[in-house]
Amino acid sequence: MKIDSIQNFYSNQQPRKTQHRKQAVTFSSLKLKNDENNFSDTCFYRDITTLRAAEKLLRYNFPNGTIIMDFAGSNGEEAISLYSLLNDKSHNKYKIYSYDKSAKAVSLGQKGIYTVFSSNANDYFLLPDSKYTKLLKDKNGQVNELRERFLEMMEPVARPVYEINDRNYLYRLLASPDFHVRYFKLKDKYKDKIKIEEGDIHNIRNLLPDKKAGAILFRNAFYIETGNYGINEFSLLEDLSVNKKKIIENIVDKVYDKLLPGGLFILGDIEKDHIYIADNSVKDKDKYFIRNFGVAICKEPLLWSALEKDGRFEPVFYKKVASPCALREDMKVPTIWRKK
Ligand SMILES: C[S@@+](CC[C@H](N)C(=O)[O-])C[C@H]1O[C@@H](n2cnc3c(N)ncnc32)[C@H](O)[C@@H]1O
């Protein structure tokens, strides 16, 4: 999508207060909202459409297996989800390193017990007994398959003695009569396939220094690195002195160096990872002012331009954007890029 059509898109939307909201459900499982940077929420099979596309491209580009580095992997739910799609039980050719800079998220992942709960979490469909599961529109007939893949890797366990989720979040859920929670652990036979370690994408050169990766993920985290808020949640807290372009280019350069030829860079589908509010370094002529939201966005799609620079990456998969104001069906963002 060109950035001028993005401008038209936002100009036609109403700010959050007045717009018609889509059906209430589903915030991602805000499981780690109380970690040190308050941003480590995740859930199993988040943006399954992109994960499925990544699985197919990985099998095609790297049929003999490869290393996958999942940055911003939180407690490892994303890595487990992707591995479960690649898992063919007998020939496990892929290995995923899940890195996160949050010590708390990583330590929970290393302890190895995970929660899935209903209601209102995006991965509630993994619980066959959930009332909401019965209401689920399984358009692609994939729910049973995903449950099977999940249970091939995970086994039910009792509640651990330590707390996994943000208690405030749980308290809110507990108010629902349909709330229930299940605990799962990664089966021992998969432990050497998913490594969960502390790691910052800025330090990628020093991680697995002798190796190159077939895929690198950094999903739903560019907005954290750049302090970029969603268009409709523009906040005075945003620090406009941060040079977003520089930060993005720096990460993209490092990712490019670490990928094998044909390697994939896999992004999140949330709006604020793709559409950037203009910081102070952006000249007036390079901004669009979106009247309806009272905010200026960069004309240049910073992340996409950084990826396309010198023809280094090409987009190979587009996904409908996950945005609270994405009421239009056709707003898509490129979530998978291939190193040329
Ligand atoms: C919203 S969570 C996203 C988790 C997962 N990727 C998902 O989409 O479900 C963002 C995570 O990014 C991590 N993060 C932010 N900047 C990072 C960086 N430079 N390197 C590694 N992790 C980072 C945060 O600690 C947090 O756990």
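Read the numbers this way: they start at 1 and go in the same order the structure lists the ligands and their atoms. Fair warning: this is a prediction, and the values are worked out from it, not measured in the lab.
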Going by atom types only, do [X] and [Y] share a side-chain donor-acceptor pair under 3.5 Å?
{"X": "Asn250", "Y": "Lys246", "result": "no"}
{"X": "Glu300", "Y": "Ser305", "result": "yes"}
{"X": "Asn203", "Y": "Asn206", "result": "yes"}

Any nitrogen or oxygen of [X], main chain or side chain, under 3.5 Å from a nitrogen or oxygen of ligand 1?
{"X": "Tyr99", "result": "no"}
{"X": "Ser74", "result": "no"}
{"X": "Glu78", "result": "yes"}

Check for me whether Arg312 meets the cation-pi criterion with Tyr256, that is, NZ or CZ under 6.0 Å from the six-membered ring centre and within 45 degrees of the ring axis. yes

In terms of atom number and element, which parts of ligand 1 are under 4.0 angstrom from non-hydrogen atoms of [X]?
{"X": "Ser102", "value": "25 (O)"}
{"X": "Arg46", "value": "7 (C), 8 (O), 9 (O)"}
{"X": "Tyr223", "value": "1 (C)"}
{"X": "Asp41", "value": "1 (C), 2 (S), 3 (C), 4 (C), 9 (O)"}
{"X": "Gly199", "value": "20 (N), 21 (C)"}
{"X": "Ile201", "value": "18 (C), 19 (N), 20 (N), 21 (C)"}

The complete set of side chain to side chain donor-acceptor pair (under 3.5 Å) pairs with one or both residues in residues 61-71, sequence neighbours excluded, reads none

Location of contacts on [X] toward ligand 1, heavy atoms closer than 4.0 Å:
{"X": "Glu77", "answer": "neither"}
{"X": "Ala221", "answer": "side chain"}
{"X": "Phe222", "answer": "neither"}
{"X": "Ile224", "answer": "side chain"}
{"X": "Asp47", "answer": "neither"}

Determine, for Lys185 against Asp188, whether the closest basic-nitrogen to carboxylate-oxygen distance falls under 4.0 angstrom. yes

Does Phe44 have a non-hydrogen atom less than 4.0 Å from ligand 1? no

Kindly say whether the aromatic ring centers of [X] and [Y] come within a distance under 6.0 Å.
{"X": "Phe184", "Y": "Phe150", "value": "yes"}
{"X": "Tyr94", "Y": "Tyr83", "value": "no"}
{"X": "Tyr114", "Y": "Phe44", "value": "yes"}

Contacts of Asp273 meeting side chain to side chain donor-acceptor pair (under 3.5 Å) (sequence neighbours excluded), chain-then-number -> none

